[in-house]
Every structure is written in C-alpha cells, then in structure tokens.
Engineer: 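Take this structure, written in structure tokens, and hold onto it; I'll ask about it next.
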Amino acid sequence: MLEALNSQLNKELYSAYLYLAMSAHSTRIGLKGFANWFLVQYQEEQTHAMKIYDYINDQGGQVKLAAIEQPPTEFESPQEMFEKTLEHERFITRSINELVDLAIAEKDHATNIFLQWFVTEQIEEEGNDNEIISKLKLVGEGEGGGNGLLMLDKELAARVFTPPAPRGG
Ligand code: OFO
C-alpha cells in the first residue's frame with residue numbers, strides 16, 4: 001500500500017507540473033484567464049500531493065520522492081489543453097480507484113477512508129473539464145469564435161485558489 005501511495009504522490013506532483021506547463025503556454029499565447037485557471041489547478045494538485053505526503057508521514061511510513069516526468073511544453077489549442085487535462089484526470093481517477101481496490105483487498109480501512117476524498121474530488125475535476133470542453137466546442141463552432149474565446153478567458157480569470165482547511169481543523 002505504501003509503495004502505491006508513494007506512486008500516487010508522484011502522479012499528483014506530475015499533475016501539478018503538467019498544469020503549470022499549460023499555464024505557461026496560456027500566458028505565452030495571450031490567454032491570461034486560461035493561465036490563471038491552470039495556475040489554480042497547479043496549486044490544487046500540490047495540495048493533493050501534500051495530503052498524501054502528510055498521510056504517509058502520519059502513518060509512520062517512508063515518503064519516497066521519485067523523479068517527476070517532464071510535461072509537454074507545446075499545445076495546439078486551448079481545446080487540446082483541456083482534452084489532455086480530461087484525459088489525464090481520467091487516468092488519475094483509474095489510479096485512485098486501483099488504490100481503493102488495494103486498500104480493500106489489504107483490509108486497510110484507514111487508507112480506504114483517506115482515499116474517499118480523492119474519489120469525490122475526481123468527480124468534480126472531470127465535471128469541470130467536461131464543462132469547459134463543451135464551452136470551447138461551442139466557441140469554436142460559432143462565427144466570431146475569437147470573441148467567444150476571449151469571453152471564456154475572462155470567465156476562467158475569475159477562478160480563485162482556496163487553500164484547504166488546516167489539518168485537524
Ligand atoms: Fe487533478 O486531481 Fe489530483 O491529480
């Protein structure tokens with residue numbers, strides 16, 4: 001279980017890295033709202049990683065930090081970024097589900113309960129990505145797609161990072 005949790009910790013750090021790369025790309029192409037959305041996502045992923053880090057420590061396990069894979073640096077379009085995001089989140093969802101399966105198989109009730117937060121979080125993440133992809137498709141199809149994209153950029157600029165409640169609080 002410990003090995004699988006350390007592997008998930010690495011996946012969460014990669015998620016953060018991937019969204020930071022998308023934020024940088026969005027800034028470069030002039031979409032500040034998209035850049036903000038991905039920067040907030042980067043911050044959220046760091047909190048996911050730290051939740052696992054803290055849990056391993058709390059359980060007296062050994063945190064093992066492995067190399068973080070390099071994320072892509074080029075993306076064809078905003079839609080491609082969100083399609084890649086959804087694809088990645090589906091991969092993370094499968095990974096979390098496998099962790100839950102393992103916790104159940106090992107009768108590790110504490111880890112099973114700990115992982116339920118992630119199960120719920122993945123529903124929200126995939127839902128957000130699907131919603132933005134739908135909007136991007138609408139924008140792409142209509143005339144004056146550029147205007148629609150700028151409106152969506154404005155909407156994504158409003159996303160704010162909310163730090164998780166302090167531990168034990
Ligand atoms: Fe995107 O939820 Fe963590 O990885």
Side-chain angles (χ1 to χ4, degrees), residues 1-27 31 33-59 61 63-75 77-104 108 110-136 152-153 155-167:
M1 193 76 248
L2 177 62
E3 199 184 313
L5 284 170
N6 268 312
S7 165
Q8 189 64 34
L9 169 57
N10 184 267
K11 285 176 190 152
E12 299 295 339
L13 289 170
Y14 174 77
S15 303
Y17 225 27
L18 175 65
Y19 300 136
L20 188 61
M22 289 180 178
S23 181
H25 179 78
S26 301
T27 298
L31 291 172
F34 281 76
N36 172 66
W37 194 94
F38 281 114
L39 193 69
V40 171
Q41 195 59 31
Y42 157 74
Q43 290 170 302
E44 281 206 356
E45 297 299 349
Q46 285 185 307
T47 68
H48 298 173
M50 289 312 292
K51 261 183 196 289
I52 298 171
Y53 173 95
D54 287 338
Y55 180 73
I56 294 173
N57 278 331
D58 287 348
Q59 296 287 88
V63 168
K64 283 188 185 164
L65 297 175
I68 306 168
E69 196 188 321
Q70 182 182 347
T73 47
E74 296 294 334
F75 304 93
S77 62
Q79 191 171 327
E80 198 218 355
M81 279 195 289
F82 272 98
E83 274 163 2
K84 278 208 150 74
T85 297
L86 179 60
E87 192 186 312
H88 180 68
E89 289 305 327
R90 285 181 173 154
F91 161 74
I92 294 292
T93 299
R94 286 196 298 278
S95 181
I96 296 288
N97 288 341
E98 282 168 17
L99 285 180
V100 173
D101 289 344
L102 186 63
I104 291 169
D108 183 345
T111 304
N112 186 13
I113 290 169
F114 166 72
L115 290 168
Q116 297 310 306
W117 182 91
F118 287 86
V119 172
T120 308
E121 173 69 10
Q122 286 309 115
I123 298 169
E124 192 188 315
E125 293 222 355
E126 288 191 26
N128 289 341
D129 299 339
N130 272 317
E131 191 186 320
I132 296 170
I133 289 171
S134 298
K135 286 181 180 169
L136 279 165
L152 184 55
D153 190 59
E155 186 183 321
L156 298 185
R159 188 181 187 196
V160 178
F161 172 65
T162 314
R167 289 203 308 135

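For ligands, and for the atoms within them, numbers begin at 1 and follow the listed sequence.
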Engineer: For a side-chain hydrogen bond (donor to acceptor under 3.5 Å, both in side chains) check, start with the C-alpha distance between His88 and Ser15, then their side-chain angles and the critical distance, and finish with the verdict.
Structural biologist: CA-CA 8 Å; His88 180 68; Ser15 303; 2.9 Å; yes
Engineer: On a heavy-atom basis, which atom in Asn36 and which in Leu156 lie closest, and how many Å separate them?
Structural biologist: ND2-O, 3.0 Å
Engineer: Roughly how far, to the nearest 0.5 Å, is CG of Leu18 from CD1 of Ile68?
Structural biologist: 12.0 Å
Engineer: Under a 4.0 Å heavy-atom cut-off, which residues neighbour ligand 1?
Structural biologist: Glu12, Ser15, Gln41, Glu45, His48, Glu89, Ile92, Gln122, Glu125
Engineer: Report yes or no: do Glu126 and Asn130 form a side-chain donor-acceptor pair below 3.5 Å?
Structural biologist: no
Engineer: Any donor-acceptor pair under 3.5 Å linking the side-chain atoms of Gln41 with those of Glu45?
Structural biologist: yes
Engineer: OH of Tyr19 to CD of Gln43: how many Å apart, nearest 0.5 Å?
Structural biologist: 14.5 Å
